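In what follows, a structure is listed as structure tokens, so that the remarks can point back to it.
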Amino acid sequence: MRRTVFNEDHEAFRDTIRDFIETEVVPVYDEWFAAGQAPRDFYYKLGELGLFGINVPEEFGGAGLDTHKFEAVLYEETARAGVQFGGSGVHVLLALPYLKSLAGDEQKKRFLPKFVSGEEMWALAMTEPGTGSDLAGMKTTAKLSEDGSHYVLNGAKTFITGGVHADRVIVCARTAAPTAEDRRFGISLFAVDTKSAGYSIGRKLDKLGLRTSDTAELAFVDVKVPVEDLLGEENKGFHYLGQNLPSERWGIAFGAYAQAKAAVRFAQSYVTERTVFGKTVASFQNTKFELAACQAEVDAAEAVADRALEALDAGELSAAEAASAKLFCTEVAHRVIDRCLQLHGGYGYMNEYPIARLYADNRVNRIYGGTSEVMKSIIAKSMGL
């Protein structure tokens, strides 16, 4: 079947990204992997390349497009090369939708030009040590000062991707107590300057995978946040979070599909070259059947990911559809990558081979953005169960 989701512009972008990865990322990626993060100046290169401004209005230095298809190409190309672009995915996929939909004109003028250039990197801080997926149970608070000029932020967040290099963080905090009718009421969103007094970065977390993506614990002790940095309306934060979760879950779904596709490529290349008992591993019937089964699963995941992408671009991707795409694509990727690693034998367990890194990177897809169990609950609810 001919794939129709991408046009000539997307394919030209693919060529540019592939060349950029080969020249700017692959030669130094092992250094990033060992350091546990991409260097800060790498994000300036991404800004110069125009990656941060694709969906930003032209008046703020962007390309003014309204599509996720270029992001989709980026997912495929980074997976194909077995690399990650550090925490930059959060900058675009997670933070930008909030800035576009919630920031006022004055805020956009302050924030977006620096967002596009990479001068200010953004992260999103929702999860807390004791709450996990239960966002309504968050304890971080933001209390309005007596003179009404600022909020005082106190609390802690964890698992914040991009948290080490971030210059601004969208922090979710309680500005009012939940009501008996709605425990999700009272959450607000703030664009917090990481240079503020009382703001601190705790541990850079030592993760199983996504080693080049800086992930941190954050702490806030009497951090003064100007009222001008409130995003949207006070106490409506949970509603805003719900609006943007489908795009986040699409991103995880598409990234997982891309990883599965890359795994088949890595395995096919390896078994074609590797010889045992006097012949290539690819010549054994079991190898052929395993790769054929994996390819069939990748084809199905591609169709699901592409359909979700088209729906997202049309503004029609529902919460249940996004949950279904995430659940399906991440489970497929789990199975495919595991089987492709097995075909590598002992070398598949070595970090010098991209399949090993891919195996570790992929595992979090069934956890973050909502666990597979949460996805099943959302789907079941949409079925009336």
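Keep in mind that this is a model prediction, so the values were computed, not measured.
- Between V92 and E71, the closest side-chain pair of non-hydrogen atoms falls below 4.5 Å.
- Counting heavy atoms from C-beta outward, Y359 and Y349 have side chains that stay 4.5 Å or more apart.
- A donor-acceptor pair under 3.5 Å is formed between the side chain of Q107 and the backbone N or O of E228.
- Side chain of T23 to backbone of D19: a donor-acceptor contact under 3.5 angstrom is found.
- S324 and E321 are not linked by any side-chain donor-acceptor pair at a separation below 3.5 angstrom, with hydrogens and angles left out of the test.
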- request: For the pair F266 and Y353, evaluate ring pair (Phe, Tyr, Trp, His ring centres under 6.0 Å) and give the outcome as yes or no after the intermediate values.
  value: CA-CA 9 Å; F266 296 146; Y353 281 78; 9.9 Å; no
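- Put simply, the side chain of K108 gets close to the backbone of K100: a donor and an acceptor are under 3.5 Å apart.
- Ring orientation note: the planes of Y75 and F254 are tilted relative to one another, at an angle of 30° to 60°.
- Judged by distance alone, with hydrogens and angles left aside, the side-chain atoms of S145 form a donor-acceptor pair with the main-chain N or O of H150 at under 3.5 Å.
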query: Under the side-chain contact (heavy atoms from CB on, under 4.5 Å) criterion, do Q37 and W32 qualify, and how do the steps go?
result: CA-CA 5 Å; Q37 61 186 30; W32 297 4; over 6 Å; no
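- Both tests do not hold together for K224 against Y151: distance to the six-membered ring centre under 6.0 Å, angle to the ring axis within 45°.
- Y347 has its side chain out of reach of E352: every pair of non-hydrogen atoms, C-beta onward, lies at least 4.5 Å apart.
- Hydrophobic clustering (side-chain heavy atoms under 4.5 Å, transitive across Ile, Leu, Val, Met, Phe, Trp, Tyr) groups W250 together with V332.
- N154 and D222 are linked by a side-chain donor-acceptor pair at a separation below 3.5 angstrom, with hydrogens and angles left out of the test.
- When atom types are taken as modelled, the side chain of K157 and the backbone of M126 share a donor-acceptor pair closer than 3.5 angstrom.
- Using a 4.5 Å heavy-atom threshold, the side chains of L205 and T158 count as touching.
- Side-chain atoms of E331 and H334 include no donor-acceptor pair closer than 3.5 Å.
- Side-chain heavy atoms closer than 4.5 Å link hydrophobic residues (I, L, V, M, F, W, Y) into clusters, and following such links, even through other members, never connects V171 to L94.
- In the hydrophobic cluster analysis, where Ile, Leu, Val, Met, Phe, Trp and Tyr join through side-chain heavy atoms closer than 4.5 angstrom, V5 is grouped together with L317.
- With hydrogens and angles ignored, the 3.5 Å screen pairs a side-chain donor or acceptor of S101 with a backbone N or O of P97.
- Under the side chain to side chain contact (heavy atoms under 4.5 Å, CB included) test applied with N362, the options V336, I337, D338 reduce to a single match, I337.
- At least one donor-acceptor pair closer than 3.5 Å links the side chain of K207 to the backbone N or O of L210.
- For Q259 and N365, the side-chain atoms include at least one donor-acceptor pair closer than 3.5 Å.
- At a cut-off of 3.5 Å, with distance as the only test, a side-chain donor of T140 or E128 sits close to an acceptor on the other residue.
- In the hydrophobic clustering of ILVMFWY residues, with side-chain heavy atoms under 4.5 Å counting as a link, F238 and Y240 come out together.
- Side-chain contact between V26 and Y29 is absent, with no heavy atoms from C-beta onward closer than 4.5 Å.
- Side-chain atoms of N235 do not come within 3.5 Å of backbone N or O of S188 as any donor-acceptor pair.
- Counting heavy atoms from C-beta on, the side chains of L124 and I160 never come closer than 4.5 Å.
- Taking the charged nitrogens against the carboxylate oxygens, R3 and D306 do have a contact shorter than 4.0 Å, which makes a salt bridge.
- Residues L343 and T287 have side chains in contact (heavy-atom distance under 4.5 Å, counting atoms from C-beta outward).
- Using a 4.0 Å cut-off between charged side-chain N and carboxylate O, R307 and E310 make no salt bridge.
- Counting non-hydrogen atoms of neighbouring residues, nucleotides and ligands closer than 6.0 angstrom, the CG atom of D15 exceeds 12 such neighbours.
- Annotation for R110: atom CZ counts as buried by contact number, over 12 foreign heavy atoms lying within 6.0 Å.
- Under the 4.5 Å side-chain heavy-atom criterion for ILVMFWY residues, a single connected hydrophobic cluster contains both L385 and M375.
- The aromatic rings of F220 and Y199 sit tilted relative to each other, their planes meeting at an angle between 30° and 60°.
- Crowding of E11 atom CD: a count of heavy atoms from other residues, nucleotides or ligands under 6.0 Å exceeding 12.
- A donor-acceptor pair under 3.5 Å is absent between the side-chain atoms of Y257 and the main chain of A300, judged by distance alone.
- In this structure, I17 and L74 have side chains that are in contact, with non-hydrogen atoms separated by less than 4.5 Å.
- Y44 carries R40 over the face of its six-membered ring, with the cationic atom under 6.0 Å from the centre and within 45° of the normal.
- A donor and an acceptor atom, one from each side chain of Q295 and D299, are located under 3.5 Å apart.
- Around atom NZ of K204, more than 12 heavy atoms belonging to other residues, nucleotides or ligands sit under 6.0 Å away.
- No donor-acceptor contact under 3.5 angstrom links the side chains of T194 and D167, judged on distance only.
- Not a single donor-acceptor pair under 3.5 Å links the side chain of R249 to the backbone N or O of G370.
- Nearest approach of A319 to I378, heavy atoms of both residues: O-CG2, 4.0 Å.
- Ring geometry for F6 versus H10: interplanar angle over 60°, hence perpendicular rather than tilted (30 to 60°).
- The distance between the ring centers of Y98 and W122 does not fall below 6.0 angstrom.
- Taking all atoms of both residues into account, the shortest heavy-atom contact from A308 to A325 is CB-CB, 4.1 Å.
- A ring-centre distance under 6.0 Å is found for H91 and F115.
- Salt-bridge annotation for E106 and K109: absent, with no side-chain N of the basic residue lying under 4.0 Å from a carboxylate O of the acidic one.
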